Amino acid sequence: MLRGTDRRSIGRSNEVARLVLREPRKFRELIERLWDENPVLRMRAADAAEKVSTKKPRLLDRYKAELLGLLAKAEQIELRWHLAAMIPRIRLTAPERQRAAAALRHYLEDRRSIVKTFALQGLADLSQNDASLGPKVKHLLEEAVHSGTPAMRARARHLLKKYPI
């Protein structure tokens, strides 16, 4: 259902997300596709998994170690931005949050604005469960307001209003 050739299209990922929400045991198959050789399938699987995780975040917990590893190694733009959204939804220990934050800070060096923007959001979300991240994240958001891309500036302004970091 996720196969295709056009990376500009999510294909049937919405349908897959609805299916997995009805049958959560299929989430494992979806997560496994994040390592598929086909970049279109990987992207669509990431899109569907991220959508499922908004409604059922606890499904991610079982794959915490694998997803943290993938967060640190992912190069594909679409995979990076979906991981940046999903990782803060996982129940992480303090060291795991620090590890995730380090990976997301690395994403801020990506040349693509969308990856940087999702990294900012992910860092702000992580900081809600870890006060030790707050000062650094606040500094990054303030920096993004002044020197980020237009998308980063808008997201950073929104996050600074939304979260009392």
Side-chain angles (χ1 to χ4, degrees), residues 1-93 96-97 99-101 103-104 106-108 110-130 133 137 141 149-152 154-159 161-163:
M1 291 177 74
L2 297 172
R3 294 206 186 280
T5 57
D6 187 355
R7 284 176 68 172
R8 296 168 297 167
S9 165
I10 61 169
R12 297 171 65 192
S13 66
N14 287 335
E15 188 179 337
V16 169
R18 286 190 298 274
L19 173 69
V20 172
L21 284 168
R22 283 191 312 271
E23 299 179 46
R25 70 183 185 286
K26 293 186 182 283
F27 192 66
R28 178 180 189 78
E29 291 176 54
L30 189 56
I31 290 296
E32 288 171 354
R33 297 301 165 260
L34 299 180
W35 286 267
D36 198 275
E37 300 241 343
N38 180 328
V40 175
L41 199 145
R42 259 193 327 261
M43 177 213 48
R44 291 176 179 178
D47 182 65
E50 195 270 322
K51 288 171 179 167
V52 170
S53 75
T54 62
K55 304 229 191 248
K56 295 191 177 196
R58 297 293 57 88
L59 290 175
L60 292 169
D61 291 340
R62 171 184 274 179
Y63 308 100
K64 174 171 49 174
E66 295 90 343
L67 291 172
L68 284 171
L70 186 58
L71 178 72
K73 294 177 182 171
E75 294 294 328
Q76 183 177 345
I77 179 176
E78 300 90 353
L79 195 52
R80 280 184 157 201
W81 93 59
H82 286 300
L83 286 168
M86 287 189 286
I87 292 295
R89 297 178 186 146
I90 300 172
R91 292 181 183 149
L92 301 171
T93 64
E96 290 166 339
R97 273 191 303 279
R99 183 175 159 204
L104 291 173
H106 177 68
Y107 282 17
L108 293 174
D110 196 289
R111 63 182 175 83
R112 294 153 300 209
S113 177
I114 190 165
V115 172
K116 293 183 213 183
T117 303
F118 274 88
L120 285 174
Q121 179 71 56
L123 284 162
D125 292 345
L126 280 175
S127 74
Q128 296 308 295
N129 295 316
D130 191 332
L133 293 173
V137 170
L141 292 172
T149 65
M152 290 173 68
R155 181 66 55 100
R157 279 192 302 273
H158 171 75
L159 291 170
K161 286 178 190 172
K162 182 177 177 183
Y163 297 124

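Both backbone and side-chain heavy atoms feed into the values below; hydrogens, waters and symmetry mates do not. The structure presented is a predicted model; accordingly, all values stated were derived computationally and were not measured.
No donor-acceptor pair under 3.5 Å is formed between the side chain of E50 and the backbone N or O of A85. R44 places no side-chain N or O within 3.5 Å of a backbone atom of S13 that could act as its donor or acceptor partner. Y107 contributes no side-chain N or O that, together with a main-chain N or O of F118, makes up a donor-acceptor pair within less than 3.5 Å. One N or O on the side chain of K64 and one on the backbone of R91 form a donor-acceptor pair closer than 3.5 Å.
With values rounded to the nearest 0.5 angstrom, H82 atom NE2 is found 9.0 Å from Q76 atom CD. Between L71 atom CG and H106 atom NE2 the span is 10.0 Å, to the nearest 0.5 Å. Taking CG from D125 and CG from L133, the interatomic distance works out to 11.5 Å, rounded to the nearest 0.5 Å. For the atom pair CZ of R62 and CD1 of I31, the computed distance is 11.0 Å after rounding to the nearest 0.5 Å. Atom CD1 of residue I87 and atom CG of residue L70 lie 8.0 Å apart, to the nearest 0.5 angstrom. With values rounded to the nearest 0.5 angstrom, M152 atom CE is found 6.0 Å from T117 atom OG1.
The salt bridge (Lys or Arg N to Asp or Glu O under 4.0 Å) test applied to E75 returns no partner, not counting sequence neighbours. By the salt bridge (Lys or Arg N to Asp or Glu O under 4.0 Å) test, E32 pairs with R28, sequence neighbours left out. Residues that satisfy the salt bridge (Lys or Arg N to Asp or Glu O under 4.0 Å) test with D110, not counting sequence neighbours, are R80, R112.
Looking at heavy atoms from C-beta onward, L68 lies out of side-chain contact with I90 at the 4.5 angstrom threshold. Using a 4.5 Å cut-off on side-chain heavy atoms (C-beta onward), L108 and L123 make contact. For the pair N129/L92, no side-chain contact is recorded, criterion being any heavy-atom separation below 4.5 Å from C-beta on. With contacts defined as side-chain heavy-atom distances shorter than 4.5 Å, the pair E15/L19 does not qualify.
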For this session: With side chain to side chain contact (heavy atoms under 4.5 Å, CB included) as the test, would you mind laying out the steps for K56 and F27 before giving the verdict?
Result: CA-CA 10 Å; K56 295 191 177 196; F27 192 66; over 6 Å; no

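The nearest pair of heavy atoms linking A84 to A119 is CB-N, 4.2 Å. Of all the heavy atoms in L126 and A101, the pair that sits closest is CD1-N, 3.7 Å. Between A74 and L83, the closest heavy-atom pair is CB-CD1, 4.0 Å. Between A17 and A48, the shortest heavy-atom distance links the atoms CB-O, 3.9 Å. Considering every non-hydrogen atom in both P88 and G122, the closest pair reads CG-O, 3.5 Å.
A donor-acceptor pair shorter than 3.5 Å can be found between the side chains of R89 and S53.
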